[in-house]
Each structure stands twice: as structure tokens, then as C-alpha cells.
Amino acid sequence: MEVLRVLLVLVLLLGSVQRSECVRCFARFHLSSGQCDEEIGEVDEDDCCQNPKYGYQATDGTCQSCGPPAWSSWSPWSPCNVLCGKGVRQRSRKCFGVGQSECENINDKLQTEPCDGTCCEDQGWGQWLAWSPCSVTCGGVGVRRRERVCSSPPECLSACNGSSQETESCAAHNTCPVHGGWSSWSGWSDCSHSCIDDQRADADAIMPSRMRRRSCSNPAPSNDTAPPGNSCPENDVQKQVCSELPNCPVNGNWGAWSPAGPCSVSCGEGLRLSTRKCDSPAPKYGGWYCEGPSTQSSVCKSPCPVDGFWSGWSNWGECTASCIPQGRAPVRTRRRSCSNPAPSTTPPGGGCQGDNRQVEHCNHLPHCKVDGGWGSWSPFTSCPVTCGVGFQVSIRRCDSPAPQHGGRQCPGEGRRSSICSTNVHCPVDGVWSEWSAWSVCKYPFGDRKITCKQIGGSQSRVRECLHRAHNGSICSGDSLMDRRVCYDVSRCYVKGSWDGWDTWSLCRPACVNSARDNPARIRSRVCRPDYSNYPPTIGRQKEKATFFGTPLVDCGAPPDGGEKYQKEPCLNVPACS
């Protein structure tokens, strides 16, 4: 029973543990822009922020840093919010990181200062430029245009109202010239010959031609306008070769008889031939062939066997495939027979030598398309980080087979990733806090009062090394404490002299929440205390003295009866967003 009670308690405890929400985790957070980069994937926020260099996308879409709280840089000053007169410009910064409320001066997110609009003396539009030429130069009404340029700087372009271009009608009263136009072509003339005689050296006789004409009269160019009309371009005559005519016939004529040749066979009954050719000239283009025989023969006899002889090859058959697959090309076949003549049997003649069948590869065919196929996935790479989360990668290649000859690429992705977690928090390096205020200036050797006395004291200030965790680096630089020597002049009566004005403060408040807010800036005339009767150094080490506290400085009346403080309203301060 006791064991069951313990198990129930464990189950309740485990059920009460809340996991952080799932977020999009990124391996880089840029403090300057507040942007995330190099997405890893969706993980629990706590796992993502085991690495302080990482960032994640919050539910509102903004990027958040996993590092300790830190300010971004101030944004550039905005343009003045008025074109003319008194306005303000603003700049802002953001606190990023875990525990944003821990940023120093957390409410100092917006700064506002006065500015003057630069568009009070802008020149607006410049003078209109000259009119363009009229769109017509004769015989009617056209349009011409002119333009003007806005002379104001880019930020003041709103001062230029209206169009930058205008048009108006324009007329040309002179008569337009009439440019010549061709009449239609006449019909083609007859060809200069009825046939093509290629036996003559005269080129015109070899290739007859025909012609046609046209006149520049549709309309004729005007001569009484200024300027006169243009004449028709190109030629008024066209010449065309009569290539469709037949060649002139050439009758054939016999050449001389050749000497009688050897007997046509080495055995058996044969012939001795003498030939002549109808080539002096040869008949062409329908001319008469030579009359009479072209051969004359005499008989010669000698018994012999008849050897077989191949007939001609048949045509090639069809290829065994329509394209060349991988591995082996398709083939085609042709055949022949030993029948030209067949070998004699008495006496026996020799058979035909060689094969009666030929096979060749169909290399002239196109290659068959080979669609790509994925190879196996590679093992996932090892986790690339030693702390926090990272992602492992596995790849596969489109090589089983690779696509060839226009085949399709492999569908899908060749890379996949998997988030890996080390369950180890990354080191968080320490960051110095701001220095504390200086402590009260006190006499270092006992409780002696030194206020308003020329007796040196010392004071200190401290700072902390914040946010260091998980064996992160300690803050680099000087120690945690800073010390200096001082004189305590708190509420001490001191003579002084006026020394100009201090710089203007920023506008306070920096934005307007209600009608009761009246943003303004202030400055004060500097009443510089006279510490000339105090030794400039303190102690045996002759350390440079500082003055602690606010004395009651008497500078008398300001010069020329002027005021000690000035306050100036900040106009046109925008509402708080």
C-alpha cells in the first residue's frame, strides 16, 4: 500500500511539470536589428534558449533573444515631422533578452529633440521649359507639350502641386507634300527564249528572262508644294529568270569503237566485246539517242565450272527498339543469297564466301529517356553543437539512376534535417552592470568631518558581473570597485563665475499621452564654482582631486540682468504609440 502511495505522488508531480511552449528556434539573433536568422526548427522555448546566442519567434511574430537583457543601438534620428516651422525628430531603441525588465533605465526607450522644417523657403516649381515642336508640320491641327521641374529638395516635394506637364493644340497652315506612290505592276512579258540552251556560252541564251513594269503615278509626287513630294523608292522595272522552261533538246552521236576486249570467261563459251558510247555528245533533254548497236561481239569457248556469287544485300530490317536504352543498343539485320549465279553442280562450282546475314547496332537512334531515381538516405550527421540544440542533416542523391537524355529529375527533396538536443545549457558569459553612484566622500582615517574643509577624503563606486551562468566567462576588465580622492563640498558656500549656457536637454516627455502633457526642454546658465583655494592633488601620491556634492555657488546676478534658466516648448510632439 505504501508503494502505491509513493507511485501516485510521483505521477501527480510529473503531471504538474509544465513544458514551455513550442517556438521557432533560430541559430542567430542580431541585436542591431532585432532579427532572427538561420532557422533550426520548432522546439520548446526552454530547449532553444539553452544557447544564449540563439533567438526564437514569439507568438506575436517578433524575434526574441535568448541572451541576457541588452539594449539595441539607438535607431537613426527620424526626419523632422513638419515640413516648415518647429517640429521634433525621434529615435528609439529596444531591450532584448531573457528578463527584459532588467535592462538599465528600462523606460529610456524613446528620445525626442526639436527640429526645424527645411521646406519653408522651397522654390516649388521651376519655370516652364520651351514648347516641343508641333506634332504635325503641315495640313492640320496637332499637339505640342512643355514641362516644368520641381526645384524643391526631395523631402519638400509636396510643395509642388499640380501636373509637371501641359499640352495645347497647334496648327500648320501650309499644304502637305504629296509623296509618289507606285501603280500596280504590269503583266509579265514573254520569256526571251522558249527553252534553256546550256550548250551555248552566252549567259542570256542559257537562262531566258521576262520583265514587268510600274509607274510612279498612284499618286504622282507633287511639284508645287514646299518641300516637294518624294519620288517613289526603288526601281520601276523587275526582271525574273524563266527557270521553269525546259532545257533545249540535245541529240546524241556515237563515239569511236573500243578495241575488242578479252574473252568474257576463262572457261566455257563467252564473248569478246568491243563497245562504243553515245557521248559525242550524249543525248540530253529529250534529244535523240544514237541509232545502231553500242556493242559488237565474237564468240569464244572454253568449258569450266560455275562458281556461286552473292546476290545484292536486301534492305535493312526494322531496329529491335525505337530508342537506345541503357546498357545495349538495339540492332537491325539484312540478308543476301548465293544465287547470282548459283554454283554449278557439273562440274561443281565453288560456293559463295562469307556470311549471308549482317547485323549492326542502331546507333543513329535517339537515346531513351532515363528518369532519375533516388539513392538511399545517408546517415544523419553527428549533432553539430556541444550545448543547446542544433540540427543534423541527411542527404540522398538522384543517381539510382541519374536522369539522362531529357528524363525527369527525382521528385521530392534531397536533404532532410532532424533537430538534436544535447540537454546541456551553453555557458552564459558575464556582463558588467552600470557603475553605482559614488559613495559619500569621507575622511579615510576615522570619523573626522571634512565637509566644506580643504581636507581630502575618498569615495568609491561598485559594479556587478551580471548574468554569468553555466561556467560562462567572468567579466573582463578592471575590478568590481573604483576609488578616487575627493573634497566634500556638499551645500558649501562657494564663490563662482558665470560660464555660458549648458546644452539643451531632450524633450520631456518624449511623446504625448494626453492633452495635459506639455513636452518641453530646458537648459541652465552654468555657474562655475571657484575651487582655486583647494589644493589640486591629495595625499602623498598626489592623486588628482575631484569635488563631490552640490555646493551653494554664488555667481551673483547673471550678466546683463539675464535669466538663470530657460525653458522651451517642444511643438508637434506625436502621440505615444
Report yes or no: is the cationic atom of Arg484 (NZ for Lys, CZ for Arg) under 6.0 Å from the centre of the six-membered ring of Trp438, at an angle within 45° of the ring normal?
yes
Do you see a donor-acceptor pair shorter than 3.5 Å between the side chains of Asp488 and Thr451?
yes
Do Thr381 and Gln392 get their side chains close enough for a donor-acceptor pair, meaning under 3.5 Å?
no
In the structure I gave you, are the side-chain heavy atoms of [X] and [Y] within less than 4.5 Å of one another anywhere?
{"X": "Trp131", "Y": "Arg144", "answer": "yes"}
{"X": "Ser400", "Y": "Ser376", "answer": "no"}
{"X": "Val512", "Y": "Pro519", "answer": "yes"}
{"X": "Leu365", "Y": "Pro330", "answer": "yes"}
{"X": "Glu464", "Y": "Leu480", "answer": "no"}
{"X": "Phe29", "Y": "Cys63", "answer": "yes"}
{"X": "Leu552", "Y": "Cys492", "answer": "no"}
{"X": "Val359", "Y": "Arg332", "answer": "no"}

Are any side-chain N or O atoms of [X] and backbone N or O atoms of [Y], one a donor and one an acceptor, separated by less than 3.5 Å?
{"X": "Asp530", "Y": "Ser532", "result": "yes"}
{"X": "Asn81", "Y": "Asn572", "result": "yes"}
{"X": "Ser378", "Y": "Ile395", "result": "yes"}
{"X": "Arg24", "Y": "Gly41", "result": "no"}
{"X": "Ser436", "Y": "Val462", "result": "yes"}
{"X": "Gln90", "Y": "Pro79", "result": "no"}
{"X": "Asp517", "Y": "Ser514", "result": "yes"}
{"X": "Trp498", "Y": "Ala557", "result": "yes"}
{"X": "Thr537", "Y": "Lys542", "result": "no"}

Counting neighbours of [atom1] on [X] that are heavy atoms of other residues, nucleotides or ligands and sit closer than 6.0 Å, is the number greater than 12?
{"X": "Glu318", "atom1": "CD", "result": "no"}
{"X": "Glu168", "atom1": "CD", "result": "yes"}
{"X": "His361", "atom1": "NE2", "result": "no"}
{"X": "Glu413", "atom1": "CD", "result": "no"}
{"X": "Asp447", "atom1": "CG", "result": "no"}

If I take atom [atom1] from residue [X] and atom [atom2] from residue [Y], how far apart are they, to the nearest 0.5 angstrom?
{"X": "Ser524", "Y": "Trp504", "atom1": "OG", "atom2": "CH2", "result": "10.0 Å"}
{"X": "Ser163", "Y": "Arg148", "atom1": "OG", "atom2": "CZ", "result": "7.0 Å"}
{"X": "Gln454", "Y": "Tyr487", "atom1": "CD", "atom2": "OH", "result": "7.0 Å"}
{"X": "Lys86", "Y": "Cys570", "atom1": "NZ", "atom2": "SG", "result": "10.5 Å"}
{"X": "Phe391", "Y": "Phe380", "atom1": "CZ", "atom2": "CZ", "result": "11.5 Å"}
{"X": "Glu42", "Y": "Asp47", "atom1": "CD", "atom2": "CG", "result": "13.0 Å"}

How far apart are the closest heavy atoms of [X] and [Y], and which atoms are they?
{"X": "Ile40", "Y": "Val389", "result": "CD1-O, 3.9 Å"}
{"X": "Val370", "Y": "Pro401", "result": "CG1-CG, 3.6 Å"}
{"X": "Val43", "Y": "Cys48", "result": "CG2-CB, 3.7 Å"}
{"X": "Val88", "Y": "Cys115", "result": "C-SG, 3.3 Å"}
{"X": "Thr167", "Y": "Arg145", "result": "CG2-CG, 3.3 Å"}
{"X": "Tyr54", "Y": "Val385", "result": "OH-CG1, 3.9 Å"}

Give the C-alpha distance, both sets of side-chain angles, the deciding distance and a yes or no for ring pair (Phe, Tyr, Trp, His ring centres under 6.0 Å) between Tyr443 and Phe445.
CA-CA 6 Å; Tyr443 188 66; Phe445 309 110; 5.7 Å; yes
For [Y], is there an ion pair with [X] - N to carboxylate O distance below 4.0 angstrom?
{"X": "Arg146", "Y": "Glu166", "result": "yes"}
{"X": "Asp37", "Y": "Arg28", "result": "no"}
{"X": "Arg461", "Y": "Asp482", "result": "yes"}
{"X": "Arg463", "Y": "Glu434", "result": "no"}
{"X": "Arg483", "Y": "Glu543", "result": "yes"}
{"X": "Arg523", "Y": "Asp502", "result": "no"}

Residues Arg521, Glu113; criterion salt bridge (charged side-chain N to carboxylate O under 4.0 Å, His left out); working and verdict:
CA-CA 8 Å; Arg521 63 174 184 168; Glu113 68 176 16; over 6 Å; no
For side chain to side chain contact (heavy atoms under 4.5 Å, CB included), just list the numbers for Tyr493 and Asp554, CA-CA rounded to whole Å, side-chain angles, deciding distance to a tenth of an Å, and then say yes or no.
CA-CA 7 Å; Tyr493 177 78; Asp554 182 10; 3.0 Å; yes
Could you walk me through whether Gln57 and Val23 satisfy the side chain to side chain contact (heavy atoms under 4.5 Å, CB included) test, starting with their C-alpha distance in whole Å, then the side-chain angles of each, then the deciding distance to 0.1 Å, before giving a yes or no?
CA-CA 6 Å; Gln57 191 175 72; Val23 296; over 6 Å; no
Those residues at least two apart in sequence (or on a different chain) that pass side-chain contact (heavy atoms from CB on, under 4.5 Å) with Trp377 are Ser394, Arg396, Arg416
Please determine whether side chain to side chain contact (heavy atoms under 4.5 Å, CB included) holds for the pair Thr422 and Cys420, giving the CA-CA distance in whole Å, both sets of side-chain angles, and the decisive distance to 0.1 Å.
CA-CA 7 Å; Thr422 62; Cys420 55; over 6 Å; no
Under the criterion side chain to side chain donor-acceptor pair (under 3.5 Å), I'd like the reasoning laid out for Ser164 against Glu147: C-alpha separation, chi angles, the key distance, then a yes or no.
CA-CA 6 Å; Ser164 63; Glu147 297 180 343; over 6 Å; no
Pair Arg448-Ile455, side chain to side chain contact (heavy atoms under 4.5 Å, CB included): steps then yes or no:
CA-CA 10 Å; Arg448 185 176 178 180; Ile455 300 174; 3.2 Å; yes
Could you check whether the rings of His425 and His470 sit parallel, tilted or perpendicular, using 30° and 60° as the cut-offs?
parallel
